[in-house]
Protein chains: 2
Amino acid sequence: MTEPTSLGNELLRSAARLSRWASRHASFDVPFAQARLLALLDELGPSRVSALAAADHSSQPSITTQLHRLEAAGWVERAVDPDDARASLVSLSPAGKDALEDVRRARVAVLAPALDGLDATALARVRVAIDVLDELLAAAAEPPSHPTRKDG
Amino acid sequence: MTEPTSLGNELLRSAARLSRWASRHASFDVPFAQARLLALLDELGPSRVSALAAADHSSQPSITTQLHRLEAAGWVERAVDPDDARASLVSLSPAGKDALEDVRRARVAVLAPALDGLDATALARVRVAIDVLDELLAAAAEPPSHPTRKDG
DNA sequence: CAAATTACATAGATAACCTATGCATATCAA
DNA sequence: TTGATATGCATAGGTTATCTATGTAATTTG
């Protein structure tokens, strides 16, 4: 079954397996969803709740809940958006950046035994894998610019 | 920051993102963990509960719970292991195979817009990505005393 | 200004996990 | 054989992660 139809299936299966394995074996105390949100905040900088939900492909209430936990931990700060009193601008606190660094170290550590000792060719393959995953997500999540599209 | 240390981080992040996005957008009614277990049963054939837990990198009680749901749906069958009355041998029923096929179709469909129209070179890159994910998981999950290690 | 919209919060439900523990069967030592 | 221990699975109870539906307050609009 090397036909293109099974390729998507295999990719999703393999990605999910690695992901699952890593989250089970990486030892950090920050729950997974909170770690993800910390990383997203670091990437985006000060953001609205709804912007975070969109970027995370999750619902706004999910983000609200996670943000409350991050706030309780002192990892994020909120400011009222000067342009809109309904909206918050959420950003990482210094403690939040520290927590994110811890998470990153733990995630690096969990894969390190498998990555250490890879030669340049093998590392290049890993880089290809990362790029493929990112490109496919971008292509899948973006509105299709192909002629397959019908409304706009 | 393209040093090897960040590579693991990036890979895990990208894999988790694609995974998450797909599970949010694939429209099948089978819950994610049950779908995973169906696929695993299909791969392994008749298996003990504990073997499934090990292969899935999850706890035995998690598998027990999921199996009860699969049984309630009529998707798996159990037989007493003839060698050990404590153990069950769990296998997919015909209905379970059908359900798994539905899941696979839905998963293929969710990535199809991104995969359709890729040329042979791009498809080869996707194949590399799958192989890299599988190889890293295998390397990471194996006991580290394996001879693939350079030092001891 | 009233109505509609928007941004976020809350409520309530389900799924997916885990650890701790219980119970029955197997195995082993003496 | 029998008591101790190990093993295979089930149950209990708790946490995290999500969702949809809905509420509340601020903003925009006709």
Side-chain angles (χ1 to χ4, degrees), chain A residues 16-17 19-41 46-73 75-91 103, chain B residues 16-17 19-40 46-73 76-91 103:
Chain A
R17 280 184 174 169
S19 223
R20 207 183 126 59
W21 181 85
S23 70
R24 190 151 154 67
H25 289 83
S27 54
F28 50 91
D29 16 300
V30 188
F32 190 75
Q34 292 177 42
R36 207 174 67 225
L37 194 42
L38 287 176
L40 197 59
L41 279 165
S47 306
R48 291 186 171 196
V49 173
S50 50
L52 292 170
D56 193 47
H57 305 294
S58 76
S59 72
Q60 168 263 311
S62 295
I63 298 296
T64 291
T65 300
Q66 297 303 338
L67 282 178
H68 286 167
R69 293 178 184 171
L70 294 182
E71 276 186 281
W75 290 336
V76 301
E77 291 157 355
R78 305 177 85 120
V80 174
D81 186 330
D83 296 337
D84 190 336
R86 294 167 304 177
S88 326
L89 286 177
V90 186
S91 51
V103 166
Chain B
R17 281 184 174 169
S19 230
R20 204 184 128 63
W21 181 87
S23 71
R24 188 152 153 70
H25 288 83
S27 53
F28 50 91
D29 14 303
V30 188
F32 190 76
Q34 291 177 43
R36 206 173 68 224
L37 193 44
L38 287 176
L40 196 58
S47 306
R48 290 186 172 196
V49 173
S50 50
L52 292 170
D56 193 47
H57 305 294
S58 74
S59 71
Q60 168 263 309
S62 295
I63 298 295
T64 290
T65 301
Q66 298 303 337
L67 281 178
H68 286 167
R69 294 178 184 172
L70 294 182
E71 276 187 279
V76 300
E77 290 158 354
R78 307 177 83 119
V80 175
D81 186 330
D83 296 335
D84 189 335
R86 294 168 303 179
S88 327
L89 285 177
V90 185
S91 51
V103 166

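Computed from a predicted structure; not experimentally measured. All chains are named by letter (A, B, ...) in the order of the sequence lines, taking the proteins before the strands, and each is independently numbered beginning at 1.
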Item to complete: Remember a base hit wins even if backbone is also touched, and classify Ser50(B) as base, sugar-phosphate or nothing at under 4.0 Å, heavy atoms.
Response: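 Sugar-phosphate: the residue Ser50(B), judged by heavy atoms under 4.0 Å, touches backbone atoms but no base.
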Discussion item. Considering every strand and a 4.0 Å limit on heavy-atom distances, what is the contact class for Ser62(A): base, sugar-phosphate, or nothing?
Written reply: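 Counting heavy atoms under 4.0 Å across all strands, the contact made by Ser62(A) includes a base.
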Fill in: Side chain to side chain, Pro82(A) and Leu89(A), heavy atoms closer than 4.5 Å
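Of all side-chain heavy-atom pairs linking Leu89(A) with Pro82(A), at least one is under 4.5 Å.
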Worksheet item: Side-chain contact, heavy-atom cut-off 4.5 Å: Leu67(A) with Leu52(A)?
Response: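 In short, these two side chains touch, coming nearer than 4.5 Å.
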Under 4.0 Å between a side-chain N or O of [X] and OP1 or OP2 of [N]?
{"X": "Arg24(B)", "N": "dT18(D)", "result": "no"}
{"X": "Arg36(A)", "N": "dT18(D)", "result": "yes"}
{"X": "Thr64(A)", "N": "dC8(C)", "result": "no"}
{"X": "His68(B)", "N": "dT11(D)", "result": "yes"}
{"X": "Gln66(A)", "N": "dA17(D)", "result": "yes"}
{"X": "Arg78(B)", "N": "dA10(D)", "result": "yes"}
{"X": "Arg20(B)", "N": "dT18(D)", "result": "yes"}

Discussion item. Between the base of dA15(C) and the side chain of Gln34(B), is there a donor and acceptor pair under 3.5 angstrom?
Written reply: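 No, no donor-acceptor pair under 3.5 Å.
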Fill in: Side-chain donor/acceptor of Arg86(A) to base of dT6(C), under 3.5 Å
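Per atom types, the contact qualifies.
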Discussion item. Checking contacts here: which listed nucleotide (dT18(D), dA26(C), dC9(D)) is nearest the side-chain heavy atoms of Gln60(B)?
Written reply: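 Among the listed nucleotides, the one closest to the side chain of Gln60(B) is dC9(D).
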Item to complete: Measure from the side chain of Arg69(B), starting at C-beta and using heavy atoms only, and say which of dC9(D), dA17(D), dA15(C) lies closest.
Response: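 Among the listed nucleotides, the one closest to the side chain of Arg69(B) is dA15(C).
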Practice prompt. By nearest nucleotide on DNA chain D, pick out whichever of Ser58(A) and Arg48(B) is the more 5' one.
Written response: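 Nearer the 5' end of the strand: Arg48(B).
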Expressed as a whole number of angstroms, how long is the span from [X]:[atom1] to [N]:[atom2]?
{"X": "Asp84(B)", "N": "dA26(C)", "atom1": "CG", "atom2": "P", "answer": "5 Å"}
{"X": "Asp83(A)", "N": "dT6(C)", "atom1": "CG", "atom2": "P", "answer": "17 Å"}
{"X": "Leu67(A)", "N": "dT16(D)", "atom1": "CG", "atom2": "P", "answer": "16 Å"}
{"X": "Glu71(A)", "N": "dT10(C)", "atom1": "CD", "atom2": "P", "answer": "10 Å"}

Worksheet item: With no hydrogens and no angle check, is any side-chain donor or acceptor of Arg69(B) less than 3.5 Å from a backbone partner on Gln34(B)?
Response: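 Flag not set: sc Arg69(B) to bb Gln34(B) has no pair under 3.5 Å.
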Discussion item. Closer than 3.5 angstrom, by distance alone: can the side chain of Arg36(B) be matched with the main-chain N or O of Asp56(B) as a donor-acceptor pair?
Written reply: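 Absent.
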Fill in: Test item: side-chain donor near acceptor, Gln66(B) and Ser62(B), under 3.5 Å
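No, no side-chain donor-acceptor pair sits under 3.5 Å.
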Fill in: Nearest-nucleotide comparison on DNA chain C, the residue closer to the 5′ end among Val49(A) and Pro31(B)
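Final value for this comparison: Val49(A).
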